[in-house]
Peer 1: 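Have a look at this one.
Worth knowing before you read on, the calculation uses all heavy atoms, side chains too, and leaves out hydrogens, waters and symmetry mates. Here is the naming used below: chain letters follow the sequence lines, and residue numbers restart at 1 for every chain.
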2 protein chains.
Amino acid sequence: MTETTTTWTIAQMADDYDVTHRALRHYEHLGLLAPDREGQRRIYHRRERTRLALILRGRRLGFSLEEIATILDMYDDQPGEVGQLRYLLSQIGDRRQDLERRRRDIEDSLRELDELEQRCAEDVARLS
Amino acid sequence: MTETTTTWTIAQMADDYDVTHRALRHYEHLGLLAPDREGQRRIYHRRERTRLALILRGRRLGFSLEEIATILDMYDDQPGEVGQLRYLLSQIGDRRQDLERRRRDIEDSLRELDELEQRCAEDVARLS
DNA sequence: CTTGACCTTGGCGTCAACGTCAAGCAGGAT
DNA sequence: ATCCTGCTTGACGTTGACGCCAAGGTCAAG
């Protein structure tokens, strides 16, 4: 339980998260990641790993990298001003609505899939 | 309650579903839609409307049009052979796994959003 | 000192999903 | 007859998200 590798290289990142190093550079180019440098080389800390995890989850959900950027920004800032906080809260509301819509879509899809499977299974039973 | 417009023009489709007619032609080009013709003009029936609804839901969920095509095919075929049915059942399984993964992602996201909102609300309370 | 592994920065290529003209037909209104 | 509206088929342009080189730096091993 000692602190061993608290940092990672680009190859380790690519390997751990199953992305190409081209993709990592691309995310960095768009400001989604900002690894340190050790000389030339990129050095990734835990922050980048959690960010990358969020990016990939966002991609799986079909968000564009631009949308993902704003989401990451949401989690980044710890604004001191009440105005900023209120704005953030409204953003959170928007995002929640979006996600809930997607969830409804998914649940509808799953229900329809169930029906199809049912009919399918019946047909197999009848024919076998 | 009479049968009035059981068919639709491309403009009505575009209007009802809030897509461009270019998109409709694109979906047709990819074989996702197959409207009738009346002379030159495209004529859409209810079948195309349900298909379009599925397409758009698929897009909202981040599926590619190619994936959507295979999904539509799933619902299209009513295969007579047991082999085909078994294959369809396996496809249904795959799709369900995919959807359930997405649902987990969404629920994780919603939970994190809740936490963020909580902290945010606390900060606002403290500052006001 | 050279090789090889791993990294770097450009920068052009590609694919999907359309957008955006251009040019033209078809039919009703003026 | 011509005009307008709504549609048609190309066909090239665009944007996002990378793929895929090319050309070279760095550092430990042989």
Peer 1: Between atom CZ in B:Arg22 and atom C1' in D:dT9, what is the gap in whole Å?
Peer 2: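 Spelled out: CZ on B:Arg22 to C1' on D:dT9 is 11 Å.
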Peer 1: Are any of A:Thr20's side-chain N or O atoms less than 4.0 Å away from OP1 or OP2 of D:dC18?
Peer 2: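 So the side-chain polar atoms of A:Thr20 never come under 4.0 Å of the phosphate oxygens OP1 or OP2 of D:dC18.
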Peer 1: Here's one to test your reading of the geometry: is the NZ or CZ of B:Arg102 within 45 degrees of the ring axis of B:Phe63 and under 6.0 Å from its centre?
Peer 2: yes
Peer 1: Any salt bridge between A:Arg57 and B:Glu112, counting N to O under 4.0 Å?
Peer 2: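 Judged by the 4.0 Å cut-off on N to carboxylate O distance, A:Arg57 and B:Glu112 do form a salt bridge.
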Peer 1: Between A:Leu52 and A:Leu24, is there a side-chain heavy-atom distance shorter than 4.5 Å?
Peer 2: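 A:Leu24 reaches A:Leu52 side chain to side chain.
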Peer 1: Bend angle of the helix from C:dC1-D:dG30 to C:dT30-D:dA1 from five-pair axes at both ends, rounded to 10°?
Peer 2: 20°
Peer 1: Can you check the A:Ile55 CD1 to D:dA17 C1' distance for me, whole Å?
Peer 2: 13 Å
Peer 1: Begin with the C-alpha distance, continue with both residues' side-chain angles, and end with the deciding distance and a verdict on side-chain contact (heavy atoms from CB on, under 4.5 Å) for B:Met74 and B:Leu88.
Peer 2: CA-CA 7 Å; B:Met74 277 181 26; B:Leu88 181 49; 3.6 Å; yes
Peer 1: Is A:Arg111 salt-bridged to A:Asp108, going by a charged N under 4.0 Å from an acidic O?
Peer 2: yes
Peer 1: A:His29 NE2 to D:dG16 C1': how many Å, rounded?
Peer 2: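 Spelled out: NE2 on A:His29 to C1' on D:dG16 is 12 Å.
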Peer 1: What is the separation between atom CD on A:Glu28 and atom P on D:dC18, rounded to the nearest whole Å?
Peer 2: 15 Å
Peer 1: Here's a test for you: under side-chain contact (heavy atoms from CB on, under 4.5 Å), which of B:Thr9, B:Asp15, B:Ile10 qualifies with B:Gln12?
Peer 2: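 Per the side-chain contact (heavy atoms from CB on, under 4.5 Å) rule, the option paired with B:Gln12 is B:Thr9, out of B:Thr9, B:Asp15, B:Ile10.
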Peer 1: All N/O contacts under 3.5 Å from nucleotides 14-17 of chain C to the protein, with atom names and distances to one decimal?
Peer 2:
residue : atom : partner : partner atom : Å
C:dA17  : OP1  : B:Leu65 : N            : 2.7

Peer 1: I need the full list of salt bridge (charged side-chain N to carboxylate O under 4.0 Å, His left out) pairs touching residues 30-42 of chain B, with sequence neighbours left out, sorted by first then second residue.
Peer 2: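 Residue pairs passing salt bridge (charged side-chain N to carboxylate O under 4.0 Å, His left out), neighbours aside: B:Glu28-B:Arg37, B:Glu28-B:Arg42.
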Peer 1: Under the side-chain contact (heavy atoms from CB on, under 4.5 Å) rule, collect the residues that match up with B:Arg47, sequence neighbours excluded.
Peer 2: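 Expected list: B:Arg51, B:Asp76.
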Peer 1: By salt bridge (Lys or Arg N to Asp or Glu O under 4.0 Å), which residues pair with A:Arg101, not counting sequence neighbours?
Peer 2: A:Asp105
Peer 1: Enumerate the protein-to-nucleotides 3-8 of chain D contacts in which both atoms are nitrogen or oxygen and the separation is below 3.5 Å.
Peer 2:
residue : atom : partner : partner atom : Å
D:dG6   : N2   : B:Arg41 : NH2          : 3.2
D:dG6   : N3   : B:Arg41 : NH2          : 3.4
D:dC7   : OP1  : B:Thr9  : OG1          : 2.5
D:dT8   : OP1  : B:Arg42 : N            : 2.6
D:dT8   : OP1  : B:Arg42 : NH1          : 3.1
D:dT8   : OP2  : B:Arg42 : NH1          : 3.4
D:dT8   : O5'  : B:Arg42 : NH1          : 3.1

Peer 1: Salt bridge check: are B:Arg86 and B:Glu81 linked by an N-O gap of less than 4.0 Å?
Peer 2: no
Peer 1: Rounded to whole angstroms, how far apart are CD1 on A:Ile68 and P on D:dA17?
Peer 2: 8 Å
Peer 1: Quick one: closest heavy-atom pair of B:Leu89 and A:Cys120, and the distance?
Peer 2: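 Answer, listing the atom of B:Leu89 first, then A:Cys120: CD2-CB, 3.7 Å.
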